[in-house]
Amino acid sequence: MKPQVITLHINGRTHNIALSPNLTLLTVLRDLGYTDVKCGCEKGDCGACAILLNGVAVNSCLVLAWQADEGEIITAAGLGTIENPHPLQTAFSDAGAIQCGYCTPGMIISAKSLLDQKPHPTEAEIRDAISGNLCRCTGYAQIVQAIQSAAEKMADGGEG
Amino acid sequence: MQSEIELYRPQDLAEALTLLNQLGLDGKLLGGGTNIVSELRDGHHTGKSLIDLSRVKELRGINLQDGYIVIGGGTTITDLIDHPLICTHAGILLESARLFANPLVRNRATVAGNLTDASPAADTAPPLLALNAEVQLMSQSETRWLKLEDFITGVRKTLLQPGELMSAIRWPVPSDRSAGAYTKVGLRKADAISVLSVAVLLEIDATGMCKQAGIALGAVAPLPFRVHVAETLLIGKELKPELIAEASHLAAEACRPIDDIRGTAAYRKRITAVIVRRLLTKILEALK
Amino acid sequence: MKYQVKPLPPVDLPVLRTVGKPLRKVDAMGKAVGATVYAGDFSMPQMLLGKVFRSKHSSAHITRLDVSKARALTGVACVITGFDVPNARLVSDMPGQTGQKQRTGSDVPVLASQQVRFYGEPIALVAAETQEILDKALSLIEIDYEPLPGVYDPQEAIKPGAPVVTPPDNIVARWKIRKGNLESGFEQADLIVENTFRLPYQEHAYLEPEAGVAWMDERNVITIRVSTQVIEHFRTIARAVGVPQNKIHIQGTMVGGGFGGKEDITLEIYLALLAKHTGRPVRMVYTREESFLAHSKRHPYVIKHRTGVKKNGLITASKVEMISDSGAYPYLSPYVLLYTTVMAPGPYRIDNVHVDALSVATNNPFTSAFRGFGGPQACFAYEQQMDDIARQLHLDPLEVRKVNYLRTGDCTATGQGIESAAWLEETATRAMAALGEQRPDHGPVKIGQGFSSYFQSYGRITWLHDTSQSWVGLELDSTVTVRAGVPDLGAGQANSLCQIAAEALGVPLERVTIYSTDSALTPLSGTSTATRQLYMSGNATLMAANTVRKVLLSRASKYFEEEIEALDIADGKAFIKNDPSQTLDLVDLAKMCASEGIHLSNLALFKAPFTDPINPETGQGQVWPDFTFGSFAVEVAVDTETGEVTILKAAACHDIGRAINWASAEGQIIGGGMQGLGYSLMENMVVKEGVIQTPSLSEYLIPTSMDYPDIQAIILESGTGVGPYGAKGIGEPSLTPAAPAVASAIANAIGVSIHEIPITPEKVLAALDQSNKL
């Protein structure tokens, strides 16, 4: 099938690009330079490619780019920068929740999605929310702590 | 190798049905995409026309209508978890939804996709079977309801005809005197494919007799199925440990499991008896 | 509480300002905001994409290989087969290997051209303009195989007449230890206990599949930007590609998880060949399925213990035999086997020891380094053996161990003296205490607690004569630069060096920047393997930083007119210890030095102890610089009807000498422990006739956030290690004791021990059935 021009709004930028229908959103995002979206399995088994699509956390490897036409996409890099990080990014950095860092962007997206819906999650809710994001380095303890601590900070009036 | 596909993105149900009608045998539905999109990488759907249903709003929703809970086929697993009607009237479906893959997948995967995929381990099938669910199949020319039990016919085989999509799923609201229980046995506590899943729904009448029974098993046969012999045994009787033991035994005998990387047939059969017994016992205690 | 916690001996640790603190790692925020660039994220102008064509047989002759159609396809830049690069072999030295018969190295053809020996063996390389063309080109490669008999069981592979995988025979390594008099040891015994233990494959399952980009520049230098634990592979690559060593330049990236799986050469050799043959940049990224096929696994072992004990538990003799499956090519199997051999008797003082070890070639997936490097297999066997001894003697597991635990001053089975603290009872009693009271059984669900103790080396084998270099410099604005060729796997390898430099030079951590992991531009610091970077490069960095510190203090002493000993540096200022109001800003001090031509940087080389190889007949001699000691405790619930095991609590207590970054040390203990828990219960790689049946993360399961409870990390600091500030290593040791602790707890719960991991529900039920029959 011929490529068609689709529109993606990514981290506040708009891209109009001609794409074949068989390309996944993951491939397209990475080709556009959003390499903070990581590829770990291309099957939805690991969560490294998680993004927010119209506010919903999804594996970008399981979405065709055409399906995201006109969609609002936020990646981990769209949540904050080194100078102005999101509270989750600060908490992950300070809690020792980051080792190799490859799962981190996807993990932070799942955490963001959780806190959007449940600003005061229990530990069980946090563990469930990140259960599709595999981490091979940390054993998860410090990640769970980081999300708890970010939730507390955000509840105390920090930015969300 | 990445599949070469045609992709259509209908805006509403009518457009989807028209496309489906036009494309005939080549038409393949793309729901949440959690199976199909990853299969494209291996060339599984080369030459197919995929119809993306994600924009078809009519297919999404959960309602109470004429004594039935009716859900749109495009309802996601996450939609189930969040919905009060499901929490109130379909505890066993809720539990299966909570243990379905992982949140990222649940946000995309749809109930119709899970049922039409017809994996022996389809997570929503056992609870929906136990709830006596029916599925609505719609084509441009016809709309029909089938019992879910009849709809799935084998490993990845269903009665869905070319030109049809699963537009809705419904089940009668269980009576106040009913209780359900669900267990999924997997090799991991999250994001696991079932080694066995069991959903049980019983209705007990005012005299303490079992009035209706639904016992459904997943991942222990070519398709998820109801164990009618065990259900029949229970109906009209008072639930007691000996009866429960016998029903559990019948359930295990009804399995036709295979050996695979997740477990042997013998293991599946053995734990089926254990889990069915435990669930019936749990219900017995809940109804006391 | 089950055991009295053993008090620690007094330790006098120096008070430090930066070292030890749980500071934010220098690499953390970049990763959190997605700014860190990994190997597969990098693009070059005119870049091609590369892919490997792999064998679909475990053992076969290649009777025909025709790549002409692939070559002719428009958009294909090159196709390389083994016939194009006949001399491309990966050979690495193995000094001291006892495998006789000329098998001196891990000699692997880069591309198989005559015969394939394992499923997935590389046969051809393709570079093309797009992914689509690349996939098409691979499908156009024509190949015919003539299947050969394969061998898939090491026990079968050593029988006469078995198919030979690589000549001259299937025994790729052999080690032995002969200490004391085994016969008389057994004669003194009141009881002899014999058991056989079986250990499985384990897959690294790092989240980042192998990736890299390579290009050749105008000087014919091939630069390879790759995710690797070992930038020193540039030498092996140069040899295989046929270029001088100074024409291969490895730019390591942040590694998205290694755990030993990126210790051997992965795809950098293919990238080098493709870049050389096309003259264009080439990127190659493995899919998850290809990653499963392409890199090594942890070695399966069968280990047999025969132990003689007195009635009080004292071990009088220990005989251990083992066989490991090396797969089709040796890679690091001889080294891994040495580790298992030397650690086989456990952290116990035993006068009479025999160990006989074999590593055997098969047509299975090849095996090599994985966190613990043969230690976890040894530990599972010796700790389960200790438990069985306790059971048979009706003694408590701790009592039996206490009688035998190694102490400082004792010798290992190879006669190496233990010089650092050996806190075994200290760690075991703390780990068990952390579990608290055991919960009661609940119907068919039985509860049990168990623990294991271990010792594990850190630092490489001492007869490999390991060195590491690090360069530390003070800039004129008083920031600090560290240059060290350290690959950072995420364990904080680079950050630790920064924290050490910050401590020595008295600047805040955020004032330190490290340039690392570049084979041409940073001093070579050796491999990020063998739990050696903190020990080796930490010491080198401390040496370099202290040299700069001395220079600064010496100039400051002139300024203050005080002795050097009276001065200190902190918070970016030199000052007089007795009168801290008198300060000299480091910026001013640096300017003084610069204007006077005083060198403000230093390149230091740290040498590990250099020893001769162990005696090949007796195994006697020093093997490693030192050991880490610790214990792991677990409480489990076992469902005796379904066989499911739930870990309720887990605690790990290790003496890590000194924590350089407290949060990082905890991260290692928890993360390594989690890999060990997965190894014990869940991770199940199914291999049939050499073919992996579980090549994805939905089939080969690793723990999710829901599976196990947080591991309580209990850090002890004896200050007695040979690393900087008395640190020991914890990267690998963290994993080693987890599996036997789980097995012990299960045995404690159900009264039957299971000597094979992973302990799947079916194995639990089989063990219960067996014991019910008896």
Side-chain angles (χ1 to χ4, degrees), chain A residues 20 27 30-31 33-46 48 75-82 85-86 88-106 108 124 126-145, chain C residues 22-25 27-38 40-43 131 204-209 254-259 285 287-289 488-492 661-664 666-675 677 696-698 702-706 708-711 713:
Chain A
S20 295
T27 303
R30 290 185 56 81
D31 284 350
Y34 297 93
T35 54
D36 58 306
V37 183
K38 296 295 180 225
C39 176
C41 72
E42 295 182 275
K43 283 181 68 187
D45 295 336
C46 78
T75 75
L79 293 178
T81 61
I82 289 182
H86 187 276
L88 276 164
Q89 292 166 327
T90 305
F92 269 65
S93 299
D94 288 337
I98 301 173
Q99 288 192 31
C100 89
Y102 202 80
C103 74
T104 307
I108 284 180
I126 292 173
R127 288 187 176 274
D128 177 62
I130 59 169
S131 62
N133 298 83
L134 294 175
C135 170
R136 189 57 155 167
C137 296
T138 65
Y140 303 104
Q142 288 154 314
I143 292 174
V144 174
Q145 285 163 22
Chain C
L23 299 178
R24 175 191 290 183
K25 286 188 295 179
D27 53 302
M29 189 54 90
K31 291 169 173 174
V33 301
T36 303
V37 180
Y38 291 76
D41 298 343
F42 198 61
S43 292
Q131 188 66 43
H204 307 80
Y206 29 68
L207 265 287
E208 176 203 46
M254 275 294 172
V255 178
F259 318 119
V285 179
T287 61
R288 176 58 60 185
E289 291 79 0
D488 194 315
L489 315 183
N661 180 305
W662 195 271
S664 288
E666 284 185 334
Q668 287 304 294
I669 291 169
I670 299 167
M674 184 69 74
Q675 285 181 354
L677 295 180
S696 74
L697 296 175
S698 58
I702 62 171
T704 70
S705 55
M706 303 284 278
Y708 304 129
D710 284 350
I711 296 164

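Proteins get letters first, then strands, A, B, ... in listed order; numbering begins at 1 in each. Values below: every heavy atom of this structure, side chains too, minus hydrogens, waters and symmetry copies.
With a 4.5 angstrom heavy-atom cutoff, C:T36 touches chain A only via backbone atoms. Proximity to chain A (any heavy atom under 4.5 Å) is restricted, for C:D27, to the side chain, taken from C-beta onward. C:Q668 touches chain A through backbone and side chain together, each having a heavy atom under 4.5 Å away. Residue contact with chain C, scored on non-hydrogen atoms closer than 4.5 Å, involves the side chain of A:T104 exclusively. Neither the backbone nor the side chain of A:N133 comes within less than 4.5 Å of any heavy atom of chain C. Using a 4.5 Å cut-off between heavy atoms, A:T90 touches chain C through backbone and side chain atoms alike. For C:F259, the part lying near chain A is the side chain, with the backbone staying farther off; criterion is any non-hydrogen pair under 4.5 Å. At a 4.5 Å heavy-atom cutoff, C:M254 makes no contact with chain A through either its backbone or its side chain. Heavy-atom distances place no part of C:I711 under 4.5 Å from chain A, backbone and side chain included. In this structure, chain C has a heavy atom under 4.5 Å from the side chain of A:I108, while its backbone stays farther away.
The only option from A:T81, A:I98, A:D94, A:I82 that meets the side-chain contact (heavy atoms from CB on, under 4.5 Å) definition with C:M29 turns out to be A:I82.
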Kindly determine whether C:D41 and A:R30 satisfy salt bridge (Lys or Arg N to Asp or Glu O under 4.0 Å), including the steps that lead there.
CA-CA 8 Å; C:D41 298 343; A:R30 290 185 56 81; 2.7 Å; yes
Quick one: do A:E42 and C:T287 satisfy side chain to side chain contact (heavy atoms under 4.5 Å, CB included)? Show the steps, please.
CA-CA 8 Å; A:E42 295 182 275; C:T287 61; 4.1 Å; yes
Does C:E666 form a side chain to side chain contact (heavy atoms under 4.5 Å, CB included) with A:Q142? I'd like the steps, not just the answer.
CA-CA 9 Å; C:E666 284 185 334; A:Q142 288 154 314; 4.0 Å; yes
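Counting heavy-atom pairs closer than 4.5 Å to chain C, the top-ranked of the candidates A:T27, A:T35, A:D36 is A:T35. For the options A:G40, A:G96, A:G33, heavy-atom pairs under 4.5 Å to chain C are most numerous at A:G40.
Atom CG of C:L489 and atom SG of A:C100 lie 9.0 Å apart (nearest 0.5 Å).
The main-chain N or O of C:H204 is found under 3.5 Å from a side-chain atom of A:R136 such that the two form a donor-acceptor pair.
Ion pairing of C:D710 with A:R127 is present here, as a side-chain N (NZ or NE/NH1/NH2) and a carboxylate O approach within less than 4.0 Å.
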